[in-house]
Novice: 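The structure that follows is given in the form of structure tokens.
Please read all numbers here as calculations on a predicted model, not as lab measurements. Protein chains get the first letters and strands the later ones, always in sequence-line order, with residue 1 at the start of each.
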Amino acid sequence: MKVIVAAGIRSFDLDEVERLGSLLAAAIGEQGHDVELMQLEADAGHPARLIDQATAIRSLRVDRGDRLVAVGWPSHLLWHDHKIVLLTQRNICGGWHGSLPAPDRDLLLAQEVQAFTEARRCFALSEIAAASAGRVCDRTFELLALPVSIERPHAPPLRDPGTKLDWRGTVSILLS
Amino acid sequence: MRVAIVSSFMPFVGGGARSIVTWLHTMMARHGIDVETYNLPFSDDPRTIVDEMIAYRLLDVASKADRMIAIRPPCHILRHPHKMVWFIHHIRSFYDLWGTAYSPVNDNAQGRALRRSIVEMDDTGLNEAKEIFTNSMVVTERLRRFNGVKSRVLYPPVFEPERFTCEAYGDSIVYICRVEHHKRQHLLVEAMAHTSTPVRLTICGASTDDGYVQDLKRRVAALGVSDRVDLNIYWIEEEKKVALLSTCLAAAYLPVDEDSYGYPSLEAHHAKKAVITCTDSGGTLELINDGDNGFVVEPDPRALAGAMDRLYLDRAMARRMGQRGPERMNEIGVTWEHVVGAFTR
């Protein structure tokens, strides 16, 4: 299977979403799939430019690959016939960039809901992320545990400590 | 210094443009530079190309980088306060290939308007750049002619050239690159029917054009050369490429008016192998001198067959031409030190 992993990254700042994107791409490759890692800048230079950034991402074309796994804002805004969203807490509906003016935030939120709606499947890495998305978007966000613990500076690690999954199991669920 | 390298790509399609990005990143990191790479999707579908280019214009990348190096188009239209461009080719169907069979857009009012929009966007992005380098004199001349901008040639080296060795001068001419119509593998297949020696042909590379691949297979069968032609239509591993180049007689690289000398030519030269190319192959002519480090012949099967036979019959000449390869690369300054220095001065 040809799989594109798209991850939102912060310029010159290796954060948890960038790490997760890289780990996931490597794990998918190790399962014998053909994988491409694509990185998109999450932190547009200024919050006021987030609408430009989101609009630009929506206008990019990714018409290859059997699956596109989108990890973290703004990658889930990409169009793809078989998009799988892997929701971290970096998203508009979770309150990310909450300092935006209300009209801008509403526009971005509507765009994000649209992007979730068109996805084939949506996973969330925490109950908080699933609940925040579920409040604005009428679709199911399945909880997915990670086989590794990815530390975050001001939040619990990205992992359900009770998981018995390894990467093979995680990849299998994601791509099924 | 923080440097961001930005390029466009088509997922799951390899080629020189992908390699140049990966290798530049690695070499900059080895020189102690804090470097980050962004590969952005781009389809160059005429139906969506303007939307995609506007998206690039709106997009923020490398916001914390001191310098941004834009490589494959249309990355040069991205905005950055210190934008440098290593321009490796235009979106050629709107430039030098306009009005040819290689352009999917009709030369009518709508097509011309689309072409004008693309040229104007390119002009805007290029004129913002602090410096523009190209990968060949061919591309520098196209930038001058079509966009009115000045640029300097910065020849792209291959990665870890010491991987390439020369063990022998065997019986086979190898052609290793993407298998596409404009790379003209079919000319070599046809040439095989005109050879008078047992010289062999090995073609390796992935393709996005099934029709062309089927046509190549049909030609091989119809010409009765299947016992001397080896078609490997897939992306070969680096180790296999190194092994093939190490033992082949010589290499071929015959694109139509190529932007640069092409990595296949450089890799062959690192393996001390002569390169056969054509008089209309573009950038390869900046590297290959006829009768010196290879043959430059008309894009005609009989002419190609003549060059193949000469190399087969005169192994001492094949060796002498091949050994000129590394000297020729030094003459035109193909080194990573030169490249990294140009972007960080």
Novice: Are any of the side-chain nitrogens in B/R57 or B/E128 under 4.0 Å away from the carboxylate oxygens of its partner?
Specialist: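 Yes.
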Novice: Looking at B/D51, B/T37, B/D34, which one has more heavy-atom pairs under 4.5 Å with chain A than the rest?
Specialist: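 So the answer, after comparing B/D51, B/T37, B/D34, is B/D34.
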Novice: Ring centres under 6.0 Å, that's the criterion: do B/W23 and B/Y263 meet it?
Specialist: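 Close enough - the centres of the two rings lie under 6.0 Å apart.
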Novice: Heavy-atom pairs under 4.5 Å with chain A: which of B/E36, B/M53, B/E52 has the most?
Specialist: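 It is B/E36.
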Novice: Heavy atom to heavy atom, less than 4.5 Å: which residues from residues 1-12 of chain B reach chain A?
Specialist: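 Counting heavy atoms that sit under 4.5 Å from chain A, the residues of residues 1-12 of chain B involved are B/R2, B/V3, B/A4, B/F9, B/M10, B/P11, B/F12.
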Novice: Can you find a side-chain donor-acceptor pair between A/R121 and A/S176 that sits under 3.5 Å?
Specialist: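 Side-chain D/A pair, A/R121 to A/S176: present.
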Novice: Checking A/R139 now: which residues fulfil salt bridge (Lys or Arg N to Asp or Glu O under 4.0 Å) with it, not counting sequence neighbours?
Specialist: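 None.
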Novice: Would you call B/K64 and A/D13 a salt bridge, taking side-chain N to carboxylate O under 4.0 Å as the test?
Specialist: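 Looking at B/K64 and A/D13, the cut-off is not met.
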Novice: With no hydrogens and no angle check, just 3.5 Å: does a side-chain donor-acceptor pair link B/S63 and A/E41?
Specialist: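 Yes, side-chain donor-acceptor contact under 3.5 Å.
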Novice: Is A/D63 close to chain B through its backbone or its side chain, or both, or neither, when contacts mean heavy atoms under 4.5 Å?
Specialist: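 Side chain only.
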Novice: With side chain to side chain donor-acceptor pair (under 3.5 Å) as the criterion, how do A/D66 and A/H82 come out once you've worked through the C-alpha distance, each side chain's angles and the decisive distance to 0.1 Å?
Specialist: CA-CA 7 Å; A/D66 303 307; A/H82 206 126; over 6 Å; no
